[in-house]
Amino acid sequence: MLGAARRQLGSGPMLGQVLRRLRPAAAAEVARGYSAAAKEMTVRDALNSALDEEMSADPSVFLMGEEVGEYQGAYKISKGLLDKYGPDRVLDTPITEAGFTGIGVGAAYQGLRPVIEFMTFNFSMQAIDHIINSAAKSNYMSAGQISVPIVFRGPNGAAAGVGAQHSQCYAAWYAHVPGLKVLTPYSSEDARGLLKAAIRDPDPVIFLENELLYGESFPVSAEVLDSSFCLPIGKAKIERGGKDVTITAFSKMVGYALQAAEILSKEGISAEVINLRSIRPLDRAAINASVRKTNRLVTVEEGFPQHGIGAEICMSVVEESFEYLDAPVERIAGADVPMPYAANLERMAVPQVDDIVRAAKRACYRAVPMAAAA
């Protein structure tokens, strides 16, 4: 693979030119919505177009993983890329996550920009030493001499009927590690803008997609479809404004939070929904600003509750905005058990819209000024 990369980029001056390329800076954060969306796009097509455009713009970008080439991706994210860019830049690998992840990290050491696809992030556990000890720590351990511009991407979290070993959410796992950035797209806009940002970033990025969202369509504007479009890492998006309670969510749970907010609105409760987009770095400023306005907080995630994203958000609010809270923070998370296989038990193990609605009502209806209660 490295030989192929050298043939593609050459050695010495040519590789140096690639390393000196100035990538476009991330665009300013997109406004909450657009007055007129140009078209609808699936999350699958958004990811595919982002990969295509970044590979076209930068010859140092290449894709590697199981079935990404001839089969065009297990979920067809890489459809058409092998025909367009050839086997030197779209590389099918054996079923050996530790092997191809290590090759990818080594290629990033040499100035290339690998995009490593895991068929599911559960399989990233086979490669976790390369991700954490090699990719995440090398910049620090080399005193900044080694950059590791690599993206690890693939479906994360619960799908449907695939059991405990294929259903875990790894957001909290990887967000725990200094040196990594962790992104969690929800919409097509998120998928396009954040994947482009991840590929352009000089640091290793964990890009957590959701299998059940690939076929979902979302409105996208002409700005989102522009090849220069990019979203800033570390910035959340207010998907719906509100004044009574803040609901934070990421990935598929953003859709559930929006459904819950719509139900709550019919009962006179105005919920503000924050799409986190970025788990590490976390947009603490946006979260705390919302809580200081609504005085109540509900966190939503698919992962296990202990040491989860909701726990970190809660601590951030306690540290920075405790005096603004009018009710205890409500945390909605997956059940603290391995994912059951049976469909009825699986549904009970992951958050549902009704869970979010009930939590928001608890926060609103039992709200008493905490200072007064003391």
**Q** Are the side chains of L276 and V254 in contact, using a 4.5 Å heavy-atom criterion?
**A**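 V254 vs L276: side chains apart.
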**Q** Report the C-alpha distance between I103 and I116 in whole Å, list the side-chain angles of each, state the deciding distance to 0.1 Å, and finish with yes or no for side-chain contact (heavy atoms from CB on, under 4.5 Å).
**A** CA-CA 10 Å; I103 290 172; I116 304 300; over 6 Å; no
**Q** Pairing donors with acceptors under 3.5 angstrom, does anything connect the side chains of Y75 and E211?
**A**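 A donor-acceptor contact under 3.5 Å links the two side chains.
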**Q** Apply side chain to side chain donor-acceptor pair (under 3.5 Å) to the pair T246 and T294, showing each step before the final yes or no.
**A** CA-CA 6 Å; T246 297; T294 67; 2.8 Å; yes
**Q** Please report the shortest heavy-atom distance between I233 and L183, naming the atom on each side.
**A**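 Shortest heavy-atom separation between I233 and L183 comes out as CG2-CD2, 3.9 Å.
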**Q** Do K237 and Y186 meet the cation-pi criteria used here (NZ or CZ under 6.0 Å from the six-membered ring centre, within 45° of the axis)?
**A**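 No; the conditions do not both hold, so K237 does not lie above the ring face of Y186.
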**Q** Answer with yes or no whether the side chains of S321 and N288 bring together a donor and an acceptor at under 3.5 Å.
**A**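 The answer is yes; a qualifying pair exists.
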**Q** Kindly write out the residues that satisfy side-chain contact (heavy atoms from CB on, under 4.5 Å) with A285, not counting sequence neighbours, or none if the list is empty.
**A**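 D283.
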**Q** So if I apply the side chain to side chain contact (heavy atoms under 4.5 Å, CB included) rule between V245 and each of N295, V291, V273, V298, which one comes out positive?
**A**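 So, applying the side chain to side chain contact (heavy atoms under 4.5 Å, CB included) to V245 and each of N295, V291, V273, V298, only V298 qualifies.
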**Q** Does the pair E330 and R296 meet the rule for a salt bridge (charged side-chain N to carboxylate O under 4.0 Å, His left out), with working shown?
**A** CA-CA 9 Å; E330 296 281 348; R296 302 167 188 87; over 6 Å; no
**Q** Considering residues at least two apart in sequence or located in another chain, which fulfil the salt bridge (Lys or Arg N to Asp or Glu O under 4.0 Å) criterion with D201?
**A**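 In terms of salt bridge (Lys or Arg N to Asp or Glu O under 4.0 Å), with neighbours along the sequence ignored, D201 is linked to K181.
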**Q** Is there a donor-acceptor pair under 3.5 Å between the side chain of S278 and the backbone N or O of P281?
**A**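 At least one qualifying donor-acceptor pair exists.
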**Q** Might you work through the salt bridge (charged side-chain N to carboxylate O under 4.0 Å, His left out) test for R113 and E54, ending with a clear yes or no?
**A** CA-CA 10 Å; R113 291 183 176 270; E54 292 306 299; over 6 Å; no
**Q** Can you check salt bridge (charged side-chain N to carboxylate O under 4.0 Å, His left out) on R240 and E272, steps first, answer last?
**A** CA-CA 5 Å; R240 178 179 178 132; E272 181 149 291; over 6 Å; no
**Q** With rounding to the nearest 0.5 angstrom, report the OG1 to CG distance, T93 to L91.
**A**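 Between T93 OG1 and L91 CG, I get 8.5 Å after rounding to 0.5 Å.
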**Q** Using a strict threshold of under 4.0 Å (side-chain N to carboxylate O), is an ion pair present between R292 and E320?
**A**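 Salt bridge flag = no for R292 with E320.
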**Q** If every non-hydrogen atom of A191 is compared with every non-hydrogen atom of F207, which pair is closest and at what distance?
**A**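 Where A191 meets F207 most closely, the heavy atoms are O-CZ, 4.0 Å.
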**Q** Can you measure from CZ (F152) to OG (S124) and round to the nearest 0.5 angstrom?
**A**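 The CZ atom of F152 sits 9.5 Å away from the OG atom of S124.
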**Q** How about NZ on K76, more than 12 heavy atoms from neighbouring residues, nucleotides or ligands closer than 6.0 Å, or not?
**A**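 Atom NZ in K76 is crowded, with more than 12 foreign heavy atoms closer than 6.0 Å.
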**Q** Tell me whether E319 is salt-bridged to R284, with the criterion being a basic N under 4.0 Å from an acidic carboxylate O.
**A**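 Here E319 does not pair with R284 in a salt bridge, since their nearest N and O are not under 4.0 Å apart.
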**Q** When you check the gap from the basic side-chain N to the acidic O, do K252 and E302 get nearer than 4.0 Å?
**A**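 Answer for the salt bridge query: yes.
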**Q** Answer yes or no: is there an ion pair linking R277 with E189, defined by an N-O contact shorter than 4.0 Å?
**A**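 Between E189 and R277 there is a salt bridge, with a charged N closer than 4.0 Å to a carboxylate O.
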**Q** How about F118 and F123: are their ring centres within less than 6.0 Å of each other?
**A**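 No, the ring centres sit 6.0 Å or more apart.
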**Q** Would you kindly say whether N122 and Q168 are connected by a side-chain donor-acceptor distance under 3.5 Å?
**A**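 Short answer, no.
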